[in-house]
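Numbers restart at 1 for each chain; the letters A, B, ... are given by sequence-line order, proteins then strands. Keep in mind that what you see is a predicted model, and the values were worked out from it rather than measured.
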Amino acid sequence: MQTSPIIDFFLHQGVPFETVILILMLPIIATFIAFLRQVVGIKAFGIYAPLIVTFAFLATNGLKYGIAIFVTVIFTGMLMRFVLKPFRLLYLPRVALMLTAVAILILGVLVIGGEFRRTGLAAVSIFPILIMITIVEKFVAVQIEKGDLAAIKLAIETLIISIVGFFIASSHTLINFLALYPWIVLLTIPINIMLGKWTGLRVSEYFRFHKIMKNL
Amino acid sequence: MFEFFKLNRQILGMNCRNLEYIRPFNRSRAKKLADNKLLSKKILKKNNISVPKLLAKISSLQELENFNWQSLPESFALKPNRGFGGEGILVVYGKKKDINDTWIKADRTLISIEDLKTHIRNILDGSFSLSGTPDIAFFEERLQLLKLFKPYCYKGIPDIRVIVFNKVPLMAMLRLPTKASSGKANLQQGAIGVGIDIATGTTTTAVLGKNKMIDYIPGTRLLLSGIKIPYWNDILKLSVRAQEISNLGFLGADIAIDKINGPTIIELNARPGLSIQIANLSGLKRRLEKVKDLKIKTIEKGVRVGKDLFGGEIEEELEEISGRRVIGTVEKVKLIGKDGQEIEVEAKIDTGAYSTSIDVELAKQLGFEDVLNYFSTLDLPKDFSREEVKQIEEDLRKKYIGQHSDLADITAVYSSHGVSIRPKISLKIILDNIEIFTQVNITERKELNKEMIIGKKNLGKFLIDVNK
């Protein structure tokens, strides 16, 4: 593969190629998420959650396992909300209990995966799993603030963004391009400045307000 | 495609709200005030603005343990100081009679001191402030629901959201709690938002939850349009005043009407939501731009500008349907004098009077001094009974009409002072751009409020709105 001199330099210093590419991908995915928020109007759980889930997906062996873990986490979050409701617990202990439940369930999922000879699932390294488990706190916070429906909607949005992000970040064309022209990453700076000054209606708002249109 | 552009020019979106209005006009100090309910309550109260009375506050677990529960009244609202979206608010409506220290909630379930304590611990722990920072819990008096709103509300109390920018009230909506919103007045939670015509305070169109346009309260035949909000002018003034005090350039003021205290500010909002545009089927962006460069000094002026610029659609509609003009109880009238001189006066629109009358002084200014002098020389009967009036009128007419060119008629007028005999002149008056040729009588109105009253006879082309 052809690489730019600066990448060669990194490699020469002993930084693995995958790491370099992943780090260069970070601003691109972040910009993509910012674009979806400001121009399209897809909210997700902020910028951090979809970003980190994207990279968790990249780090699991195959997208399907990542999605399985994510769905397990969210499902447990929902379930535990109903289970814990009558106890009226304070916030942090409640989140801690949820994490406990999620941890146990994930372990169960891994075991079941092993049972069905889905060794890929069991072989998923621990860090992406941990990262996704922490999503549960975001989920709980939104549940409290905006209710179950909104939380599920945002979770689905997060999942979709992360899946698209996964495909962007694992596209060979983009990886090769980045290896050849790493400076292209700096383009995200002017793009983000433009996004930061963007005052137009979001695509989602055209739908939200379309009823007013007839009256204008 | 073109329509999309149009929408973009008129509707205020999230990006635009944050970048062009909240960021530059709502300074962080002002935002802090709005986000801190106790502080904003204190400052508003200091400025003599009606707010729900603070009963007690609890800021630590120790205070919670030592709290005197007997000090609480029968009904109250328990709130987190930095709550958002109506979360964490608990309202009790009465004390359970046969069980000690037990209150009744909106849904008739009982709540004990232990339950209250758990709720307060949650508040103190920051469960209802998103950042999760420790919070303060406070009790405040429960506002009394106005009878007018009773049929429209499911529990809870409705409030009126007014968007104020640059001292001008831009848009308003009435928020009605529903079963889905469990008695809370937040649209996100499924309350009803009803648009309000800024000029008249009459409701127009309504939205249920985030996006469903409705005409009636679901499951009833209660029409949501055409509700007259009482104290409308006071509500607008209050919202502008709240802006002055809070220094929030772009403010969403939440005002409820208490049965006893009238319009009361329940919350100030530094980041008002955008759904108000759907409830009103109208955009905020244009309105904001129109008001941006104005220099408005007084509250009254701000309210007037808001009414003139953004209200009146209903009225025009009514005028279109009926073909009549809508006027208020006091209107500016142009009078055309004898020699063409124009005098503008404020006239009382009086449907209790039959004919129109003007003050002696005003008549003189209009060039009718001569006829008045002539009239004063006439020999008029003093004491007469009601039965005689008709006869006397006829006699006087026979005798004097035609003697002076300006004397159009002589008439006996019944008023609260009894019957008086007055001269009538022909006059052209212009009311709300409509010319009226009529006979008006002249009388001493010096002691009265207005120099002129316009009676039924000349009001056929108008509809009178007593709130105008």
Side-chain angles (χ1 to χ4, degrees), chain A residues 34-43 45-46 81 84-98 137-151 153-154 192-216, chain B residues 3-21 83-88 114-115 117-119 121-132 134 181-182 186 188-190 195 204-205 207 210-213 274-275 277-286 313:
Chain A
F35 173 83
L36 287 183
R37 162 66 79 86
Q38 300 314 131
V39 180
V40 182
I42 299 177
K43 278 200 186 112
F45 296 131
R81 165 127 157 137
L84 294 180
K85 213 166 189 177
F87 294 103
R88 295 207 205 166
L89 298 171
L90 295 175
Y91 181 71
L92 287 189
R94 188 166 52 184
V95 173
L97 268 177
M98 287 216 183
E137 190 188 1
K138 273 275 180 202
F139 186 72
V140 173
V142 178
Q143 261 184 340
I144 291 176
E145 186 197 358
K146 293 184 174 143
D148 294 305
L149 263 176
K153 191 176 149 236
L154 289 186
N192 275 306
I193 290 175
M194 265 155 59
L195 285 176
K197 295 274 179 202
W198 168 256
T199 59
L201 284 183
R202 298 172 183 172
V203 174
S204 62
E205 285 171 336
Y206 281 111
F207 290 102
R208 181 176 172 197
F209 295 122
H210 78 277
K211 289 204 170 91
I212 306 179
M213 201 150 68
K214 293 171 227 149
N215 270 273
L216 291 179
Chain B
E3 277 170 335
F4 278 122
F5 269 131
K6 205 162 128 191
L7 204 59
N8 202 358
R9 276 207 317 269
Q10 306 227 1
I11 304 288
L12 183 69
M14 212 50 118
N15 293 331
C16 188
R17 182 196 77 173
N18 293 344
L19 203 62
E20 291 188 6
Y21 294 99
F84 45 76
E87 281 290 338
E114 266 325 298
D115 295 329
K117 271 185 175 170
T118 314
H119 191 80
R121 270 190 221 113
N122 266 315
I123 293 176
L124 293 178
D125 212 47
S127 305
F128 302 107
S129 60
L130 185 56
S131 47
S181 74
S182 55
N186 286 72
Q188 279 172 350
Q189 298 181 12
T204 53
T205 44
V207 62
K210 285 197 119 166
N211 224 335
K212 189 166 174 247
M213 301 308 295
L274 302 171
S275 294
Q277 299 178 106
I278 303 173
N280 281 284
L281 285 181
S282 176
L284 263 175
K285 201 173 178 186
R286 269 285 173 77
E313 279 96 347

Between [X] and chain A, which part of the residue has a heavy atom less than 4.5 Å away: side chain, backbone, both or neither?
{"X": "B:Asn280", "result": "neither"}
{"X": "B:Leu19", "result": "side chain"}
{"X": "B:Leu12", "result": "backbone"}
{"X": "B:Thr205", "result": "neither"}
{"X": "B:Glu20", "result": "side chain"}

**Request:** State whether the number of non-hydrogen atoms from other residues, nucleotides or ligands found under 6.0 Å of A:Lys43 atom NZ is greater than 12.
**Result:** no

Scored by heavy-atom pairs under 4.5 Å with chain A, the best of B:Val207, B:Asp115, B:Leu124, B:Asn122 is B:Asn122

Taken in chain and number order and not counting sequence neighbours, the residues that satisfy side chain to side chain contact (heavy atoms under 4.5 Å, CB included) with A:Lys153 are A:Glu157

Residues passing the salt bridge (charged side-chain N to carboxylate O under 4.0 Å, His left out) test with A:Arg94, sequence neighbours excluded, are none

Scanning both residues in full, the closest heavy-atom pair of A:Thr199 with B:Cys16 reads O-CB, 3.3 Å

Atom pair [atom1]/[atom2] of [X] and [Y] - distance to nearest 0.5 Å:
{"X": "A:Phe209", "Y": "B:Ser282", "atom1": "CZ", "atom2": "OG", "value": "11.5 Å"}
{"X": "A:His210", "Y": "B:Ile278", "atom1": "NE2", "atom2": "CD1", "value": "9.5 Å"}
{"X": "B:Asn8", "Y": "A:Arg202", "atom1": "CG", "atom2": "CZ", "value": "12.5 Å"}

Exercise for the section: Give a yes-or-no answer on whether the side chains of B:Asn211 and A:Arg208 include a donor-acceptor pair shorter than 3.5 Å. Expected result: no

In sequence, state the C-alpha distance, the side-chain angles, and the governing distance for B:Met14 and A:Leu201, and then conclude on side-chain contact (heavy atoms from CB on, under 4.5 Å). CA-CA 7 Å; B:Met14 212 50 118; A:Leu201 284 183; over 6 Å; no

